[in-house]
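What you see below is based on every heavy atom in this structure, not just the backbone, and it leaves out hydrogens, waters and symmetry mates.
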Amino acid sequence: MTNVVLVTGGTGLVGKAIEHIINTEPEGSRFGKKPGEKWIFASSSEGDLRDPTQTKKLYEKYQPTHVIHLAALVGGLFKNMKYKLTFLRDNILINDNVLHVAYEHKTSKVISCLSTCVFPDRVEYPLDETKIHSGPPHESNFGYAHAKRMVDVQNHAYKEEFGCNFTSAIPTNIFGPYDNFDLEDSHVIPGLIHKCYLAKQNKTSFVVAGTGKPLRQFIFSYDLAKLFIWMLREYDDVEPVILSVGEEEEVSIKEVADAIVKAVGFEGDYKFDTTRADGQFRKPASNKKLLTLMGGFEFTPFTEALDLTVKWFLENYKNGAR
Ligand code: NDP
């Protein structure tokens with residue numbers, strides 16, 4: 001039987017990265033397309049997954065044997081704080097429809113996407129796969145976090161009642177080509193790339209919010225894409241897997257900003273606005289389970305991945321990068 005892999009949210013940062021890897025890795029290799037395999041990258045214009053009828057139509061159209069479920073209402077801190085009910089409800093509806101229709105269609109496997117920001121606010125670090133439900137999430141994103149946590153609950157319930165092969169992946173902060181580079185509502189790396197580019201163009205200062213000291217784990221979207229493909233082919237357990245670089249690969253916001261300044265070629269005044277909040281100092285997540293299961297993985301060095309992302313932004317900015 002031909003495998004048909006449907007990627008929901010196929011037009012976003014992660015979906016585009018999976019499409020890139022599937023189309024560029026050698027056919028038949030560990031992360032490349034398998035002979036006869038068909039990949040579908042769906043956007044919301046193919047069906048609004050908040051709606052059960054549109055979700056059913058999407059499954060009827062493509063008859064997927066496997067689903068990588070990335071579609072979600074995603075946003076930065078401000079949007080999460082302002083629209084808590086919308087984040088809760090839209091994501092609950094999307095996830096419930098995708099999983100239930102997959103069950104009805106006897107889909108062989110579904111991998112859904114959580115995030116390390118759904119973990120409890122007060123928790124012992126490093127984060128690992130056993131700690132998702134061990135306390136309330138941070139107040140600022142509780143709508144998004146509870147909706148995402150519920151996917152893990154649903155996966156267990158579908159397995160226990162119906163024997164479904166549903167699981168989830170938990171990435172840390174993602175960056176790469178096709179990210180949302182909006183100045184107001186983006187994650188730290190794409191936001192700073194855009195700001196630095198404008199500072200260079202307008203000959204103004206490049207100002208980074210906060211002290212630059214907090215540490216974060218960033219995963220390059222093309223690396224994450226390979227990890228999703230590995231999960232699809234080689235991981236068959238309901239328990240989630242954290243998809244991340246190791247704790248020893250944490251980088252500070254200052255290191256991120258330094259690398260962006262270099263990659264953009266910015267030579268003007270560059271400073272930190274220490275009156276702005278820093279957020280949590282660090283929230284390390286362990287990738288031990290991933291590396292043990294995979295038997296090792298070579299992550300792209302951070303500066304190399306950042307250079308590639310900046311290059312993509314510079315080439316696409318005029319064409320309307322988000
Ligand atoms: P993007 O915001 O880049 O893309 C979101 C995707 O979801 C788009 O393809 C969008 O379609 C689709 N989508 C949104 N709403 C609907 C809907 N109602 N019906 C159908 N499709 C919809 O997301 P990312 O690629 O950044 O994120 C992918 C996954 O990874 C998400 O589940 C997210 O929670 C998770 N994640 C992301 C992190 C990050 O740093 N970005 C960190 C950790 C986890 P369209 O293009 O048509 O709008």
Side-chain angles (χ1 to χ4, degrees), residues 12-13 73-84 87 115-119 121-122 125 127 137-145 171-221 244-245 247 249-285 302-303 305-314 316-317 321-322:
L13 166 67
L73 176 62
V74 182
L77 182 67
F78 172 74
K79 213 166 144 189
N80 260 285
M81 285 171 69
K82 194 166 173 200
Y83 303 107
K84 282 182 181 142
F87 271 85
S115 160
T116 44
C117 63
V118 316
F119 274 92
D121 182 30
R122 293 198 188 139
Y125 291 105
L127 303 173
H138 193 268
E139 201 277 328
S140 60
N141 75 340
F142 80 77
Y144 174 81
T172 43
N173 306 280
I174 310 161
F175 71 102
Y178 303 95
D179 207 342
N180 170 13
F181 289 87
D182 190 274
L183 284 171
E184 299 301 321
D185 185 43
S186 56
H187 290 108
V188 57
I189 290 185
L192 286 180
I193 290 174
H194 195 166
K195 253 178 133 175
C196 188
Y197 167 79
L198 290 182
K200 184 181 174 189
Q201 293 302 107
N202 303 331
K203 300 192 172 27
T204 52
S205 299
F206 173 44
V207 184
V208 181
T211 62
K213 288 183 182 153
L215 299 167
R216 293 290 180 267
Q217 276 161 287
F218 292 100
I219 181 159
F220 183 42
S221 60
S244 173
V245 300
E247 292 161 69
E249 303 292 330
E250 277 180 314
V251 291
S252 70
I253 301 301
K254 179 172 186 315
E255 285 172 291
V256 170
D258 286 348
I260 289 174
V261 163
K262 202 162 163 235
V264 170
F266 175 73
E267 289 173 346
D269 179 39
Y270 154 44
K271 57 192 172 200
F272 291 85
D273 178 359
T274 53
T275 63
R276 301 281 300 277
D278 260 345
Q280 238 166 309
F281 177 61
R282 62 191 290 252
K283 37 184 181 180
F302 178 73
T303 45
L306 190 79
D307 282 352
L308 246 149
T309 307
V310 168
K311 192 164 174 271
W312 185 90
F313 171 76
L314 296 176
N316 290 277
Y317 180 63
R322 294 185 292 170

Item to check | Flag side-chain contact, heavy atom, 4.5 Å: Leu73 against Tyr83 | outcome: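 Not touching, per the 4.5 Å side-chain cut-off.
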Would you give me the side-chain donor-acceptor pairs under 3.5 Å for residues 277-285, sequence neighbours excluded?
residue: Asp278; atom: OD1; partner: Thr211; partner atom: N; Å: 2.9
residue: Asp278; atom: OD1; partner: Thr211; partner atom: OG1; Å: 3.4
residue: Asp278; atom: OD2; partner: Thr211; partner atom: OG1; Å: 2.6
residue: Gln280; atom: NE2; partner: Tyr125; partner atom: OH; Å: 2.6
residue: Arg282; atom: NE; partner: Glu250; partner atom: OE1; Å: 3.2
residue: Arg282; atom: NE; partner: Glu250; partner atom: OE2; Å: 3.2
residue: Arg282; atom: NH2; partner: Glu250; partner atom: OE1; Å: 2.9

Close side-chain approach of Ile193 to Thr309, heavy-atom, < 4.5 Å: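 With C-beta onward as the side chain, the pair touches.
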Any donor and acceptor pair, going by atom type alone, linking the side chain of Asn80 with main-chain N or O of Gly75 inside 3.5 Å?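 Yes, Asn80 side chain to Gly75 backbone: donor-acceptor pair under 3.5 Å.
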- Which atom pair, heavy atoms only, marks the closest approach of Gly210 to Phe272?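 Where Gly210 meets Phe272 most closely, the heavy atoms are O-CB, 3.2 Å.
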Q.
Side chains of Asn180 and His187, heavy atoms from C-beta outward: is any pair under 4.5 Å?
A.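 Asn180 does not reach His187 side chain to side chain.
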Review point. With Ile174, which residues qualify under side chain to side chain contact (heavy atoms under 4.5 Å, CB included), at least two apart?
Key: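 Applying side chain to side chain contact (heavy atoms under 4.5 Å, CB included) to Ile174 gives Leu13, Val14, Pro171, Ile219, Ser221, Leu224.
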Applying side-chain hydrogen bond (donor to acceptor under 3.5 Å, both in side chains), name anything that partners Thr303, two or more places apart in sequence or on another chain.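 By the side-chain hydrogen bond (donor to acceptor under 3.5 Å, both in side chains) rule, Thr303 matches no residue at all.
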Taking only distance into account, with no hydrogens and no angle test, what donor-acceptor pairs under 3.5 Å do side-chain atoms of residues 201-208 form with protein atoms, sequence neighbours excluded?
residue: Asn202; atom: ND2; partner: Leu198; partner atom: O; Å: 3.3
residue: Ser205; atom: OG; partner: Asp269; partner atom: OD2; Å: 2.9

- [ ] Indicate yes or no: at least one non-hydrogen side-chain atom of Ile189 is less than 4.5 angstrom from one of Asp179.
- [x]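 Heavy-atom side-chain distance check fails, nothing below 4.5 Å.
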*asked:* List the residues meeting side-chain hydrogen bond (donor to acceptor under 3.5 Å, both in side chains) with His138, not counting sequence neighbours, and say none if there are none.
replied: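 Listed in chain order: Ser140.
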| said: Test your reading of the model: is there a side-chain donor-acceptor pair from Asn141 to the backbone of Cys117, 3.5 Å cut-off? | reply: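 Confirmed, Asn141 side chain pairs with Cys117 backbone.
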*asked:* Counting C-beta onward and ignoring hydrogens, is there a side-chain heavy-atom pair between Val118 and Ser115 closer than 4.5 Å?
replied: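 Yes, their side chains come closer than 4.5 Å.
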Practice problem: For the residue pair Phe181 and Phe313, categorise the inter-ring angle as parallel (less than 30°), tilted (30 to 60°) or perpendicular (more than 60°). | Solution: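 Tilted: the ring planes of Phe181 and Phe313 meet at 30° to 60°.
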**Message:** Has Asn316 got a side-chain atom pairing as donor or acceptor with Trp312's backbone, closer than 3.5 angstrom?
**Reply:**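 Confirmed, Asn316 side chain pairs with Trp312 backbone.
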query = What residues form a salt bridge (charged side-chain N to carboxylate O under 4.0 Å, His left out) with Lys79, not counting sequence neighbours?
reply =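 Testing Lys79 for salt bridge (charged side-chain N to carboxylate O under 4.0 Å, His left out), a comparison that skips the adjacent residues, returns Asp185.
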Gln217 to Val245 - nearest heavy-atom pair and separation: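 Closest pair (atom of Gln217, atom of Val245, distance): NE2-O, 2.9 Å.
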(message) Run the side-chain hydrogen bond (donor to acceptor under 3.5 Å, both in side chains) test against Thr172 and tell me which residues pass, sequence neighbours left out.
(response)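 Only Ser244 meet the side-chain hydrogen bond (donor to acceptor under 3.5 Å, both in side chains) criterion with Thr172.
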- Going by the angle between their ring planes, with limits at 30° and 60°, are Phe218 and Phe302 parallel, tilted or perpendicular?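 Ring orientation of Phe218 relative to Phe302: tilted.
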- [ ] Return the set of residues passing salt bridge (charged side-chain N to carboxylate O under 4.0 Å, His left out) with Glu139 (not counting sequence neighbours), or none when no residue passes.
- [x]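 Lys84.
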Under 3.5 Å, side-chain donor or acceptor atoms of residues 254-265 against the rest of the protein: list the pairs with distances, not counting sequence neighbours.
residue: Lys254; atom: NZ; partner: Asp258; partner atom: OD1; Å: 3.4
residue: Lys254; atom: NZ; partner: Asp258; partner atom: OD2; Å: 2.9
residue: Glu255; atom: OE1; partner: Ser252; partner atom: N; Å: 2.8
residue: Glu255; atom: OE1; partner: Ser252; partner atom: OG; Å: 3.3
residue: Asp258; atom: OD1; partner: Tyr270; partner atom: OH; Å: 2.7

- With Tyr144, which residues qualify under ring pair (Phe, Tyr, Trp, His ring centres under 6.0 Å), at least two apart?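 Checked Tyr144 against ring pair (Phe, Tyr, Trp, His ring centres under 6.0 Å); zero matches.
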